[in-house]
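First the structure, in the form of structure tokens, and then the observations on it.
Everything numeric in this text was worked out from a predicted model, so none of it was measured. Every chain is numbered from 1 and lettered A, B, ... according to where its sequence line falls, protein lines coming before strand lines.
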Amino acid sequence: LPAQSDTLRALAETVVPGPPEDSTPGAGSVEAERFLERYLDAALPGLAASVCAMLDQMAADRRRGATFATLHRGDRAAILDRLWEHPMEELRDLAVMLSMLSIAAVYSEWSGTDDDGRLVRRPLGWELTGFPGPRFGVRSLLHREP
Amino acid sequence: VSPRGVAVNRPDAVVIGCGGGGAVIAKELAEAGLGVVVLEAGLWHEPERDFTGLEWEMLNGFDSVFRWGPGDRTAPPWPRLREGIGLSIQTAGVGGNTLHFGGNSPRAYPESFERDWPFPYAELVPHYRKVEATLPVAVPDVASLRDDLFIDGCEKLGLPHLLGPDVRTAGWRMQPNAILPVARDADRLAHPAVDGCTQCGECLVGCRHPAGAPAERTAKRGTNVTYAPLAVATGRCEIRTGSFATSILTERTRDGLRARGVRYRDTRGRLLEQDARVVVLAGGSVESPRLWLASGLPEALAVGGYLTTHWPDYVSGEFDRDIVMFEGQTSMVRCDFPGLGFIETQGLGPMMFAVSSFVGRRHAAPAHPFTTHGRLWGNALKRKMEAYRRTLLLVVCVDDDALPANGVRLAEVLADEHNRAPVIRYRPNAATEARREILVRKAADILLAAGARADSLHRADAFPSTVHQHGTLRMGTDPSKSVLDEAGEAHLVKRLFGGDTSAFANGIGGPNPTLTAQAIATRTAAKIVERYFT
């Protein structure tokens with residue numbers, strides 16, 4: 001669903017922004033919305049749609065006629081802050097899960113894998129951090145003096 | 001189901017769970033001459049075939065290799081509810097949580113045994129020695145760049161270098177790790193040219209190196225490559241994978257209630273029963289009390305209570321040069337503070353670093369000396385991640401108080417195919433929080449003394465998790481405040497023993513719990529033989 005994808009992408013970009021809000025690529029560059037949709041629905045079937053409906057409702061409450069994806073980043077962050085500190089523990093947990101998934105979409109190996117989960121290119125997160133990826137060992141450490 | 005080991009049809013003992021504790025007690029009982037069946041919910045992985053070194057594939061809570069769920073990863077994970085807990089971490093499979101632990105194997109702080117425990121620390125020492133020799137545990141003689149900086153910081157603060165395994169005063173020391181010694185001066189990184197740890201930095205995502213090594217010579221000594229194969233090698237132990245225990249079976253005798261076996265479900269969905277003369281609960285500090293409660297065993301006051309977690313926190317600082325935290329064993333040096341807890345270095349991949357460091361409690365403003373504090377999003381998160389290679393990360397684990405209200409109970413409605421789901425509750429008290437604040441400040445001092453930029457210190461203020469979990473079927477002499485007696489046998493159900501961290505009377509002062517669980521499992525095995533098989 002295009003609207004759902006827009007909402008999830010805006011959510012992930014709020015946590016890990018890319019251009020124009022940041023100088024380096026972020027969640028939008030790796031289509032983090034696909035990652036969030038897959039794993040929210042893995043946590044609970046239909047959760048992705050429910051999350052989007054809730055975020056859009058909160059956006060409309062904040063600015064009449066707005067959807068979460070059409071809000072400025074500051075407003076989106078304020079909505080996620082409300083969830084983060086919501087009196088209901090279930091909603092606080094949901095905010096944590098949304099944050100973790102947004103981070104994992106960018107900084108795990110996922111963006112470098114194909115549909116079967118095989119690593120086929122260097123993931124964005126490894127480029128952004130200078131992480132070399134799995135290695136057989138580190139020779140320089142085997143030659144250090146005690 | 002692929003049974004490993006000879007078929008044992010009429011076992012003396014059935015052990016529920018083949019993780020850090022269960023595999024140990026199975027091996028000890030089988031070596032003592034008992035027939036043993038181990039029921040393991042997950043698979044027995046082949047490290048080189050099944051472990052990829054990739055963070056998401058190995059560790060995510062939904063469909064990863066190390067998740068808590070059926071071996072068929074297309075099936076959903078087993079659910080649980082959390083109150084006050086951020087991450088609930090459990091691993092299905094032979095090896096249990098030792099599949100992804102860092103291998104850190106310190107002993108408990110002796111002072112922790114002077115409160116709560118029903119036997120003295122000295123009684124555990126020979127069992128520690130046996131486990132340390134069997135795994136084996138090795139103290140590295142060479143550190144990584146990350147660890148050198150930590151040592152430098154400790155020494156500048158005047159913290160002494162501790163020698164020996166029994167820690168009674170504050171100081172730093174090399175980590176006693178259940179990892180084969182570092183393969184020194186190796187130019188090739190494949191077995192058999194190299195035998196030992198290659199410092200690849202992948203302890204937490206599943207050790208599979210040196211490349212080409214047989215499973216039993218992979219460097220990190222999870223029970224999947226140590227105690228489980230040793231148990232099978234006795235010829236008296238069968239490990240049944242894909243076997244989820246659903247109920248402990250009991251019978252009434254003139255002496256009271258006693259365990260007589262276990263009902264379990266295999267991967268084909270069949271409910272089977274296994275009779276035995278003794279039953280050992282070793283599913284971990286969440287599953288063991290869950291199974292007790294789901295079996296309708298007596299709801300004694302302490303069942304499911306007194307959970308301790310060490311409530312870890314993550315503190316980091318940036319340097320002007322590469323630290324490459326991801327090189328070397330996950331942690332090779334630590335600083336102990338009996339009475340408070342401990343601090344250790346930590347090398348994480350970028351995903352785990354980000355999730356550990358930047359998904360904590362939210363703070364409006366950082367508290368001195370931190371320049372960022374708690375949850376971090378947006379441009380600030382991006383800049384922190386760009387400094388990943390230059391960042392030194394420390395973990396703080398606190399000696400948290402064992403409280404009766406913290407622990408595991410059954411959910412009202414939520415269930416999996418086996419039983420009602422567990423609700424895991426953890427809310428620290430003010431004393432625990434105060435100790436944690438002191439330790440976090442000490443971690444910041446070490447970073448600054450090591451040369452971290454003063455304007456770069458970050459504190460996660462992480463949510464509680466069950467990365468370390470202990471105490472929900474605690475040992476003790478008072479049945480109103482404990483579940484297991486001084487031998488590890490249930491006060492109220494004879495022939496039912498505890499074989500995992502749930503037996504802990506307290507959080508052992510803060511140190512990583514695996515070695516202590518294994519020493520207690522070794523001791524409990526001897527007690528089982530003494531009580532019922534001599």
Side-chain angles (χ1 to χ4, degrees), chain A residues 13-18 21-24 26 35 38-39 42-45 73 77 80-81 84-85 89-90 92-93 95-97 99-110 112-113 117-119 123 125-126 128-146, chain B residues 52-57 59-63 76-77 82-84 86-87 140-145 182-187 189-190 194 197-202 205 209-211 322 324 326-328 349-355 358-359 362 375 377-379 381-382 385-389 463:
Chain A
E13 275 273 325
T14 309
V15 178
V16 191
E21 289 166 0
D22 194 81
S23 55
T24 61
F35 184 81
R38 172 175 169 180
Y39 285 104
L44 188 68
R73 186 175 181 281
L80 295 181
D81 284 344
W84 200 272
E85 289 169 355
E89 184 162 359
E90 290 82 356
R92 296 200 301 274
D93 283 349
V96 170
M97 181 159 74
S99 181
M100 284 177 141
L101 286 174
S102 300
I103 286 173
V106 175
Y107 291 107
S108 78
E109 78 278 6
W110 176 76
T113 58
R118 283 186 297 257
L119 194 67
W126 297 5
L128 293 174
T129 57
F131 180 61
R135 292 187 286 179
F136 290 112
V138 180
R139 279 197 184 82
S140 61
L141 290 183
L142 308 185
H143 290 277
R144 294 190 101 204
E145 291 300 318
Chain B
T52 62
L54 300 172
E55 294 184 281
W56 184 259
E57 180 174 29
L59 294 176
N60 81 73
F62 305 98
D63 58 3
R82 295 165 285 124
E83 290 180 2
L87 273 179
D141 61 357
V142 61
S144 67
L145 180 56
V182 173
R184 303 303 309 279
D185 301 323
D187 287 316
L189 296 176
V194 62
C197 176
T198 61
Q199 300 269 44
C200 70
E202 295 177 16
V205 288
H209 292 147
D322 268 4
V324 286
F326 47 83
E327 292 188 349
M351 181 191 81
M352 281 187 286
F353 169 62
V355 168
F358 307 121
V359 188
R362 184 171 173 245
R375 191 204 73 189
W377 280 347
N379 310 93
L381 167 67
K382 297 280 296 285
M385 291 305 293
E386 283 166 9
Y388 167 66
R389 289 179 64 97
F463 297 112

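Among B:Val205, B:Leu381, B:Thr198, the residue with the largest count of heavy-atom pairs under 4.5 Å with chain A is B:Thr198. The choice from A:Val96, A:Val16, A:Thr113, A:Asp81 that makes the most heavy-atom pairs within less than 4.5 Å of chain B is A:Asp81. Counting heavy-atom pairs closer than 4.5 Å to chain B, the top-ranked of the candidates A:Gly130, A:Pro123, A:Ala42 is A:Gly130. Interface remark: of the candidates B:Asp63, B:Leu87, B:Val324, B:Asp63 forms the most heavy-atom pairs closer than 4.5 Å to chain A. Options B:Ala211, B:Gly328, B:Ala183 differ in how many heavy-atom pairs under 4.5 Å they form with chain A, and the most are formed by B:Ala183. The most heavy-atom pairs under 4.5 Å with chain A, out of B:Val194, B:Leu54, B:Val355, come from B:Leu54. Annotation: maximal heavy-atom pairing with chain A below 4.5 Å, among B:Phe353, B:Tyr388, B:Phe358, occurs at B:Tyr388. Residue with the most contacts toward chain B among A:Thr14, A:Thr24, A:Leu119: A:Thr24 (heavy-atom pairs, distance under 4.5 Å). Ranking B:Cys197, B:Gly378, B:Ala387 against chain A, the residue ahead of the rest is B:Gly378, based on heavy-atom pairs under 4.5 Å.
The minimum heavy-atom distance linking A:Asp22 with A:Pro17 is given by the pair CB-O, 3.5 Å. Residues A:Ala105 and A:Trp110 approach most closely at O-CE3, 3.7 Å, considering heavy atoms. Nearest heavy-atom pair, A:Arg144 versus B:Leu145, reported as atom, atom and distance to 0.1 Å: NH1-N, 3.5 Å. Of all the heavy atoms in B:Pro77 and B:Phe62, the pair that sits closest is CD-O, 3.6 Å.
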A:Ser102 and A:Val106: side-chain contact (heavy atoms from CB on, under 4.5 Å), yes or no, with the steps? CA-CA 7 Å; A:Ser102 300; A:Val106 175; over 6 Å; no
Report the C-alpha separation of B:Cys200 and A:Phe136 in whole Å, then their side-chain angles, then the decisive distance to 0.1 Å, and conclude whether the side-chain contact (heavy atoms from CB on, under 4.5 Å) test is met. CA-CA 6 Å; B:Cys200 70; A:Phe136 290 112; over 6 Å; no
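In this structure, chain A has no heavy atom under 4.5 Å from any part of B:Leu59. At a 4.5 Å heavy-atom cutoff, the contact between A:Arg73 and chain B is made by side-chain atoms alone. Only the side chain of B:Glu202 comes within contact range of chain A, with heavy atoms under 4.5 Å apart. With a threshold of 4.5 angstrom between heavy atoms, A:Leu101 approaches chain B through side-chain atoms but not through N, CA, C or O. Contact of A:Glu13 with chain B is not made at all, since no heavy-atom distance falls under 4.5 Å. When heavy atoms are compared at a cutoff of 4.5 Å, A:Arg38 approaches chain B solely by way of its side chain, counted from C-beta outward. Using a 4.5 Å cut-off between heavy atoms, A:Asp93 touches chain B through its side chain atoms alone. With a 4.5 angstrom heavy-atom cutoff, B:Pro76 does not touch chain A via any of its atoms. Within the 4.5 angstrom heavy-atom criterion, only side-chain atoms of B:Phe463, from C-beta onward, approach chain A. The contact between A:Leu80 and chain B is made by backbone and side chain atoms together, counting heavy-atom distances below 4.5 Å. Heavy-atom distances place both the backbone and the side chain of B:Arg82 under 4.5 Å from chain A. Proximity to chain B (any heavy atom under 4.5 Å) is restricted, for A:Trp84, to the side chain, taken from C-beta onward.
Looking at residues two or more places apart in sequence or on another chain, you find a salt bridge (charged side-chain N to carboxylate O under 4.0 Å, His left out) between B:Asp322 and B:Arg389. A:Arg135 pairs by the side chain to side chain contact (heavy atoms under 4.5 Å, CB included) definition with A:Pro132, A:Val138, B:Phe326, B:Glu327, not counting sequence neighbours.
Checked by atom type and distance alone, the side chain of B:Gln199 never pairs as donor or acceptor with a backbone atom of B:Val182 at under 3.5 Å. Judged purely by atom type and a 3.5 angstrom limit, A:Glu89 uses its side chain to pair as donor or acceptor with the backbone of B:Gly84. Side-chain N or O atoms of B:Asn379 include none that pairs as donor or acceptor with a backbone N or O of B:Lys382 at under 3.5 Å.
Checking B:Glu55 against A:Ser108 by side-chain atom types alone, no donor-acceptor pair falls below 3.5 Å.
A centroid separation of less than 6.0 Å is found between the aromatic rings of A:Phe35 and B:Trp56.
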